[in-house]
Every structure is written in structure tokens, then in C-alpha cells.
Novice: 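My questions all concern the structure below.
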Amino acid sequence: MSWFARIEQACAAFIERTFAKTFPSDLEPAQVARKLVATMEARTRGEDGHLLAPGSYLVYMNPEDFERLAEHRAYLEREWAELLRDMAARVGVYFFDGGPKVEMMARPGIPLGMVDVSVASDVTISIPNAPPLTPPKRYHLRMMKGVPAYGVYFIDGVASIGRNEDSDIFLVDPSVSRAHASVQVESEGVAVTDLGSTNGTFVNGERITGSRRLVSGDILTFGNTQMRLEARE
């Protein structure tokens with residue numbers, strides 16, 4: 001599991017938002033931020049269907065670097081912890097001991113401009129009413145009958161379907177209404193909703209009213225157009 005593709009933009013925003021002025025040290029707070037995230041990634045593990053990370057992080061640096069950053073210590077510790085919390089929320093990670101907590105400390109022997117990050121012992125965890133984490137399924141609609149004959153449409157969130165050119169799935173079918181239906185992927189699964197179309201929306205040959213839950217393999221009919229819902233890895 002690698003998070004670095006996900007965090008690069010967030011780290012850049014963190015740097016711009018948090019460190020508007022130049023700190024008088026060769027050790028950059030952004031360097032510490034990346035080291036903290038890397039440590040959290042390396043120490044995260046799966047347990048009982050959850051991703052768990054250490055809650056307490058110790059940032060060791062050369063005493064001279066520490067002295068130069070000391071006046072900003074509370075601010076930096078708070079912002080570093082907030083970054084870890086934000087990164088963890090993006091990928092569903094929980095922390096031991098209700099963290100994250102970050103503490104900056106001086107340690108002789110660490111070269112100027114360098115930093116070492118360690119974690120406290122994993123003691124207790126707090127996961128209030130947290131369901132087991134499962135990767136969300138992704139879906140697409142595959143054209144079975146219609147134009148184009150072999151179109152595949154990936155669904156991300158809510159996809160509008162109709163003869164309106166602004167529709168997410170634009171169907172060249174005069175029997176399809178301009179705003180015919182929508183398909184929505186949610187945490188519970190996927191559903192189709194008829195939007196008051198003239199010729200109706202059908203699931204496996206049965207006309208629906210309102211919304212209908214779907215499973216992979218269901219055949220959807222909009223006018224003279226047929227599409228099959230398929231799950232993909």
C-alpha cells in the first residue's frame with residue numbers, strides 16, 4: 001500500500017498554507033511532514049478488518065534545529081498532527097490511543113537538517129462503531145443494444161442518462177427521454193432511478209417506478225437501448 005501519490009498534493013498545500021514564511025533552519029517543516037506520513041504508512045497494519053496506525057509520533061532533530069524551531073513548536077506539532085489525521089481519513093486509517101499526537105524533541109548526534117521519527121508503543125485502540133473496511137466496488141454500463149453498439153460507460157458517483165447532450169451517458173435513441181434516468185454508486189451498492197421518462201426504465205425486463213437497487217449482471221433498458229451493469233476490479 002503506497003500513499004505517496006495521494007499525499008503529494010496535500011503535502012504541497014500543507015506547506016503553502018502552513019509555512020508562509022521561511023523558517024531559519026536547514027530543516028524544513030515540510031521535510032518533517034513527509035517523514036511523518038512515511039512513518040505512519042510503514043507502521044500501519046490490518047487488524048480485525050481495520051487499518052490501524054500508531055497514535056503517538058516523536059520527531060527527533062539536532063539541538064540547533066530544535067532551538068531554531070522551538071518558538072513555533074506548538075504550532076508545528078498541531079499542524080503535523082492535523083496532516084496525519086487528514087491523510088488517514090482519506091484511506092480509512094484509525095489511530096491507536098485516539099491520536100495522532102506529534103512531539104518535537106532534541107537529540108544530540110542527529111546531523112543538522114536531518115530528522116528521525118519514531119512511534120510510541122501500540123497500546124490501545126479506539127474505533128467507535130466502525131464497520132469493517134472493504135474496498136468500494138466500481139461499476140460500468142456496457143452497451144448491449146443501441147448506439148454505439150459496443151460502448152462502455154464508467155460510473156463515478158451519479159451518472160445522468162438521457163437524450164440531452166449534457167447527460168453523462170448520452171444516448172442517441174429517439175425513444176429515450178432527454179432526462180431519462182440516473183445511476184448512482186453509493187457505499188451500499190448501486191441503484192438506478194427513473195426520472196419520469198416517457199417510455200420507462202426497465203430492470204431485467206420489469207418496469208420500475210422510482211429507484212431500484214442493482215447487482216452486477218442486471219440488464220437495464222432505456223427506450224430501445226439496453227445496457228448491462230458490470231462490476232470491475
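Counting from 1, the numbers follow the sequence of the chain as shown.
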Novice: Would you call Glu103 and Arg73 a salt bridge, using N to O less than 4.0 angstrom?
Specialist: yes
Novice: Step by step, work out the side chain to side chain contact (heavy atoms under 4.5 Å, CB included) result for Leu52 and Thr44.
Specialist: CA-CA 5 Å; Leu52 304 177; Thr44 294; over 6 Å; no
Novice: Would you name the heavy atoms of Thr193 and Ser211 that are closest together and state the gap between them?
Specialist: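 So the minimum-distance heavy-atom pair works out to OG1-OG, 2.6 Å.
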Novice: Can you tell me how far CZ of Phe66 sits from CD1 of Ile110, rounded to the nearest 0.5 angstrom?
Specialist: 12.0 Å
Novice: Would you give the length of the straight line joining atom CD of Glu186 to atom CZ of Arg213, rounded to the nearest 0.5 angstrom?
Specialist: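 Nearest 0.5 Å value for the CD-CZ distance: 4.5 Å.
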Novice: If you take all heavy atoms of Ser160 and Ser167, which pair is closest and at what distance?
Specialist: OG-CA, 3.5 Å
Novice: Charged N to carboxylate O under 4.0 angstrom, Glu230 versus Arg228?
Specialist: yes
Novice: Using 0.5 Å steps for rounding, measure from the CG atom of Asn224 to the CG atom of Leu171.
Specialist: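 CG of Leu171 is found 11.0 Å from CG of Asn224.
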Novice: One thing to verify: whether Arg163 and Asp173 come together as a salt bridge, which I'm taking to mean a side-chain N less than 4.0 angstrom from a carboxylate O.
Specialist: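 No, this pair does not count.
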Novice: Is there a donor-acceptor contact under 3.5 Å from the side chain of Trp80 to the main chain of Pro29?
Specialist: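 Judged by distance alone, yes, a pair lies under 3.5 Å.
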Novice: Work out which heavy atom in Pro63 is nearest to a heavy atom in Ala106; give both atom names and the distance.
Specialist: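 Of all heavy-atom pairs spanning Pro63 and Ala106, the closest is CA-CB, 4.0 Å.
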Novice: Yes or no on side chain to side chain contact (heavy atoms under 4.5 Å, CB included) for Asn164 and Phe170, after CA distance, side-chain angles and deciding distance?
Specialist: CA-CA 6 Å; Asn164 189 325; Phe170 171 48; over 6 Å; no
Novice: Any side-chain donor-acceptor pair under 3.5 Å between Asn199 and Ser175?
Specialist: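 Checked: Asn199/Ser175 side chains show no N/O donor-acceptor pair below 3.5 Å.
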Novice: Main chain of Leu112, side chain of Asp65: is a donor-acceptor contact present, judged purely on distance under 3.5 Å?
Specialist: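 No, the answer is negative, given that no donor and acceptor are paired below the 3.5 Å cut-off.
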Novice: Find the distance between NE2 (His140) and CG (Asp156) and round it off to the nearest 0.5 Å.
Specialist: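 Those atoms lie 14.5 Å apart.
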Novice: Just one of Ile169, Val152, Val192 clears the side-chain contact (heavy atoms from CB on, under 4.5 Å) bar with Met227, so which one?
Specialist: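 Considering Ile169, Val152, Val192, a side-chain contact (heavy atoms from CB on, under 4.5 Å) with Met227 is found only for Ile169.
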Novice: Would you find a donor on one side and an acceptor on the other, under 3.5 Å apart, between the side chain of Ser56 and the backbone of Lys101?
Specialist: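 Pair absent, no side-chain N/O of Ser56 close to backbone of Lys101.
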Novice: Judged by atom type as modelled, is there a donor-acceptor pair below 3.5 Å linking the side chain of Gln31 to the main-chain atoms of Gly113?
Specialist: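 Between the backbone of Gly113 and the side chain of Gln31 there is a qualifying donor-acceptor contact (under 3.5 Å).
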Novice: Look at the side-chain heavy atoms of Ile, Leu, Val, Met, Phe, Trp and Tyr, link any pair under 4.5 Å apart, and say whether Val190 and Ile208 land in one connected group.
Specialist: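 Yes: a chain of side-chain contacts under 4.5 Å links Val190 to Ile208.
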Novice: Under 4.5 Å between side-chain heavy atoms, hopping through other hydrophobics if needed: is there a path connecting Leu214 to Phe202?
Specialist: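 They do not share one cluster, since no chain of ILVMFWY contacts under 4.5 Å joins Leu214 to Phe202.
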Novice: Can you find a heavy atom in the side chain of Arg107 that is under 4.5 Å from one in the side chain of Asp116?
Specialist: yes
Novice: Could you check if a side-chain atom of Ile161 sits within less than 4.5 angstrom of a side-chain atom of Val183, using non-hydrogen atoms only?
Specialist: yes
Novice: Among residues at least two apart in sequence or on other chains, which ones pass salt bridge (Lys or Arg N to Asp or Glu O under 4.0 Å) with Glu206?
Specialist: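 For Glu206, the residues satisfying salt bridge (Lys or Arg N to Asp or Glu O under 4.0 Å) (neighbours in sequence not counted) are Arg212.
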Novice: Under the side chain to side chain contact (heavy atoms under 4.5 Å, CB included) criterion, do Tyr57 and Met40 qualify, and how do the steps go?
Specialist: CA-CA 9 Å; Tyr57 297 78; Met40 181 176 71; 3.4 Å; yes
Novice: Between OH of Tyr60 and CE of Met105, what distance do you get to the nearest 0.5 Å?
Specialist: 5.0 Å
Novice: Sort out for me which residue in Leu58, Val37, Val59 forms a side-chain contact (heavy atoms from CB on, under 4.5 Å) with Val117.
Specialist: Val59
Novice: Does Arg78 come within less than 4.0 Å of Glu82, counting only side-chain N to carboxylate O?
Specialist: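 The answer is no: the pair does not qualify as a salt bridge.
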Novice: According to side-chain contact (heavy atoms from CB on, under 4.5 Å), who are the partners of Ser197, at least two apart in sequence or on a separate chain?
Specialist: Ser177, His180, Asp194, Thr201
Novice: Considering residues at least two apart in sequence or located in another chain, which fulfil the side-chain contact (heavy atoms from CB on, under 4.5 Å) criterion with Gln226?
Specialist: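 Expected list: Met144, Lys145, Ile219, Thr221.
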Novice: Let me see the working for Met61 and Leu69 under side chain to side chain contact (heavy atoms under 4.5 Å, CB included), right down to the final yes or no.
Specialist: CA-CA 10 Å; Met61 61 186 66; Leu69 295 177; 4.1 Å; yes
Novice: Kindly compute the distance separating CD1 (Ile155) from CG (Asp168), expressed to the nearest 0.5 Å.
Specialist: 10.0 Å
